[in-house]
Number of protein chains: 2
Amino acid sequence: MPKPDVDPTVSLDLRVDRSSPVPLYFQLSQQLEAAIEHGSLTPGSLLGNEIELAARLGLSRPTVRQAIQSLVDKGLLVRRRGVGTQVVHSQVKRPLELSSLYDDLEAAGQRPATKVLVNTVVPASAEVAAALAVAEGSDVHRIERLRLAHGEPMAYLINFLPPGLLDLDTNQLEATGLYRLMRSAGITLHSARQSIGARGATAAEAERLAEAEGAPLLTMQRTTFDDTGRAVEFGDHTYRPTRYSFEFQLLVRP
Amino acid sequence: MPKPDVDPTVSLDLRVDRSSPVPLYFQLSQQLEAAIEHGSLTPGSLLGNEIELAARLGLSRPTVRQAIQSLVDKGLLVRRRGVGTQVVHSQVKRPLELSSLYDDLEAAGQRPATKVLVNTVVPASAEVAAALAVAEGSDVHRIERLRLAHGEPMAYLINFLPPGLLDLDTNQLEATGLYRLMRSAGITLHSARQSIGARGATAAEAERLAEAEGAPLLTMQRTTFDDTGRAVEFGDHTYRPTRYSFEFQLLVRP
DNA sequence: GTAGTCAGATTGTCCGGACATTTGCATTGA
DNA sequence: TCAATGCAAATGTCCGGACAATCTGACTAC
């Protein structure tokens, strides 16, 4: 009986284009990722050793390793010294991204809508000043938005932004999400500190979200940083838990 | 006037021990991380080019790059082509880990306690079977624990585990957290899928957590996978939001 | 039969070099 | 004065090789 586990990459049509400006390791990692996504590389299968794979593609081993490493970082592959590289065997799909409520809803086919209720400049409170690392009392933008899906209120979003970063056009804010606006303004989002909790709705919150007073609400506070580490946004959001929950995929750092 | 921004790593006492079994790139990244943590490398400062740093330490450039890259992945450094490598300029500390409530509480100095209320084997419900990828009705472990801090109930934790993975000793469960038990049993935790929401407490939940019926509760459902992608745990947890909230640090994938 | 040993396979670490690409700044030109 | 050009500096990509560490499985010795 022949060994059933043959290197599955030999039957894969892997090719790299050396004239392309796309880095070789990236071309390879994309093709491998597509093969995993498509099912050509089944979970649990061994990838075949790096040396041979490099030889077959006409690449050096470091380049192949770089491609494989990027997929390991994404959680799609697992390497074991002395054994080989294996496709992870799970329902795992996307790692975890800086979630944008607008994008989340749109991806779920919910056709989100936004109503801008407040768009003004206010002096920073102590809390906001600390979060954005600006002087207390200095000017910051304050926007309040009601996010709806299918005409039903889903979340009430209060955000503060440092001045001069973005011009906040109300029409644009109603047409898309804040993160998308910031990205298109050339801001590179880097990380965010989030705190998720729950509490009963105050009378004002209840009315905004069409809930009863004291009804459970999901709350999130978030400070977002760009790639230089400066705070670019502070948000204080409340969600209707019957309509929304936070879905994460966490990866353990090795 | 001399240029004020001198390479700050020259004044750092960086050394590597080639006789140590610890990889050189790891020794270097640890020292750099410690310097950032300690404040010797101030936010915004440039690190000085890789070539010179490699020469000064007697290392090759790939090794230095590997050390720097690991800190970039952690979000502590930013590289800019044509510019240099810079210390990120923020309050960012730890990226984000697969959070263990027990460890979180212990780190916060809260002296957690655990009361195991149920520790038995039950047939898997449809939901549990789907989460753990076992046959519906097959045997799974079921444990229910009340987590307390300073004698006050904080969370009620229901967990399901596939059979044969771990022997669940009630005494051990009361002395430490589930994740720590799994790790010490040789299980390599890899990723987890989480869903965080909120709802009003049922009468039974209210009594367990010493809250009123209908009081807001924070809920988390989680499936944890090991490095081969197999589900090793499914949890259904409820938290008292006045006592606990989820704190995250998210990194954007470049 | 069982435990210990050894060899092969595979990934992990490290080197030294080469060229490409991007950025910032100084110089040059209109 | 201001814009375009060119140069230097830094990271990004890629190569080919070497040896170490670890896992698996087969073989050997008891």
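Proteins get letters first, then strands, A, B, ... in listed order; numbering begins at 1 in each. Because the structure is predicted, anything quoted here is derived from the model rather than measured.
Summarising the geometry, the separation between CG on B:Leu28 and P on C:dC15 is reported as 11 Å, rounded to the nearest angstrom. Atom CD in B:Gln27 sits about 15 Å away from atom C1' in C:dG12, given to the nearest Å. A straight line from CZ of A:Arg79 to P of D:dC23 spans 15 Å, rounded to a whole angstrom. The interatomic distance linking A:Leu24 (CG) with C:dA20 (P) rounds to 14 Å, in whole Å. Atom P of nucleotide D:dT13 and atom CG of A:Leu57 are separated by 18 Å, given to the nearest angstrom. Rounding to whole angstrom units, CG of residue B:Leu46 and C1' of C:dG24 are separated by 12 Å. A:Gln66 places its CD atom 16 Å from the C1' atom of C:dC14, with the value rounded to the nearest Å. Look at CD on A:Gln86: it is 13 Å from C1' on D:dC23, rounded to the nearest Å.
Two residues are said to be in side-chain contact when any heavy atoms from C-beta on lie closer than 4.5 Å; B:Val140 and B:Leu161 fail this criterion.
Side-chain contact check for A:Asn119 and A:Thr170: at least one donor-acceptor pair (N or O, by modelled atom type) lies under 3.5 Å. A donor-acceptor contact closer than 3.5 angstrom is absent between the side chains of A:Gln221 and B:Glu247. Side chain to side chain, A:His237 and A:Asn159 meet the donor-acceptor criterion of an N or O pair below 3.5 Å. Between the side chains of A:Asp17 and A:Gln27, no donor N or O sits under 3.5 Å from an acceptor N or O.
Closest to the A:Ile51 side chain, of the nucleotides D:dA10, C:dT11, D:dC23, is C:dT11. Comparing atom distances between the B:Arg18 side chain and each of D:dA10, D:dC14, C:dC15 picks out C:dC15 as nearest. With D:dT11, D:dC15, C:dG24 as the choices, the nucleotide that has an atom nearest any side-chain atom of B:Thr85 turns out to be D:dT11. Side-chain proximity of B:Arg81 to the nucleotides D:dC15, C:dT21, C:dT11 is greatest for C:dT21. Set against C:dT11, D:dC14, D:dG12, the side chain of A:Asn49 has C:dT11 as its closest nucleotide.
The shortest distance between the side-chain N/O atoms of A:Arg80 and the OP1/OP2 oxygens of C:dA9 is not below 4.0 Å. Distances shown here put every side-chain N or O of B:Arg61 at or beyond 4.0 Å from the OP1 or OP2 atom of C:dC19. Phosphate contact (OP1/OP2 of C:dC15, side-chain N/O of B:Thr63, threshold under 4.0 Å): present. Between A:Ser60 and D:dG17, a side-chain N or O to OP1/OP2 separation shorter than 4.0 Å is absent. OP1 or OP2 of C:dG12 has at least one side-chain nitrogen or oxygen of A:Arg65 nearer than 4.0 Å. Contact check, A:Tyr25 against D:dT13: a side-chain N or O comes under 4.0 Å of OP1 or OP2.
B:Glu50 has a carboxylate O that lies under 4.0 Å from a charged side-chain N of B:Arg79, or vice versa, which qualifies the two as a salt bridge.
Between B:Pro62 and B:Ile68, the one whose closest nucleotide on DNA chain D sits nearer the 5' end is B:Ile68. Mapping A:Gly82 and A:Gly58 onto DNA chain D via the closest heavy atom, the residue that lands nearer the 5' end is A:Gly58.
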